[in-house]
Amino acid sequence: THVVAEPCSGCKYTDCVVVCPVECFYEGEQMLYIHPDECIDCEACVPECPVEAIFHEDNLPSEWESYTQLNADKSEEC
Ligand code: SF4
């Protein structure tokens, strides 16, 4: 799955959302989250993100490790 990390916080662009073919982005109060069971790893959203906040979970910078679980939890709540 792909994961939205810290740079998204406070970003109000939704360029990623509109290109996602399976509509798996969910909008939280501070940022967007990707539902891990819905993302098909198509990568369409990655180049669209103006703040480079979206990573494949395997390539997620270690300082943002916790965002994998956060995306899973928050996308369920939204
Ligand atoms: Fe949606 Fe594809 Fe991005 Fe996953 S990788 S969130 S399916 S656009």
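In each ligand, atom 1 is the first atom listed, and ligand 1 is the first ligand listed. Each residue takes its place number in the sequence, starting with 1.
- Under the 3.5 Å distance criterion, the side-chain polar atoms of Ser75 are matched with a main-chain donor or acceptor of Ala72.
- Between the side chains of Tyr67 and Glu57, no donor N or O sits under 3.5 Å from an acceptor N or O.
- At a cut-off of 3.5 Å, with distance as the only test, a side-chain donor of Glu76 or His35 sits close to an acceptor on the other residue.
- Contacts between Glu43 and ligand 1 below 4.0 angstrom, taking non-hydrogen atoms only, involve the backbone exclusively.
- The two residues Gly28 and Tyr33 make their nearest non-hydrogen contact at CA-CE1, 3.9 Å.
- At least one heavy atom of Ile40 sits less than 4.0 Å from an atom of ligand 1.
- Every atom of ligand 1 is numbered from 1 in the order shown, and the set under 4.0 Å from a heavy atom of Phe25 is 6 (S).
- Residue Cys42: an N/O/S atom is found under 2.8 Å from atom 2 (Fe) of ligand 1.
- With atom 4 (Fe) of ligand 1 as the reference point, the heavy atom nearest to it among Pro21, Cys49, Cys16, Cys39 is part of Cys39.
- In terms of protein heavy atoms, atom 3 (Fe) of ligand 1 is closest to Cys45 SG, 2.3 Å.
- Which parts of ligand 1 touch Val22 is read off a 4.0 Å heavy-atom cut-off, strictly below it: atoms 7 (S).
- With 2.8 Å as the limit, Cys20 counts as an N, O or S neighbour of atom 1 (Fe) of ligand 1.
- Between the side chains of His2 and Glu43, at least one donor N or O sits under 3.5 Å from an acceptor N or O.
- When all heavy atoms are compared, the tightest approach of Pro7 to Glu52 is CG-O, 4.3 Å.
- In this structure, atom 6 (S) of ligand 1 lies nearest to the protein heavy atom Cys24 SG, 3.4 Å.
- Taking 4.5 Å as the limit, every side-chain heavy atom of Val3 sits out of range of all side-chain heavy atoms of Ile34.
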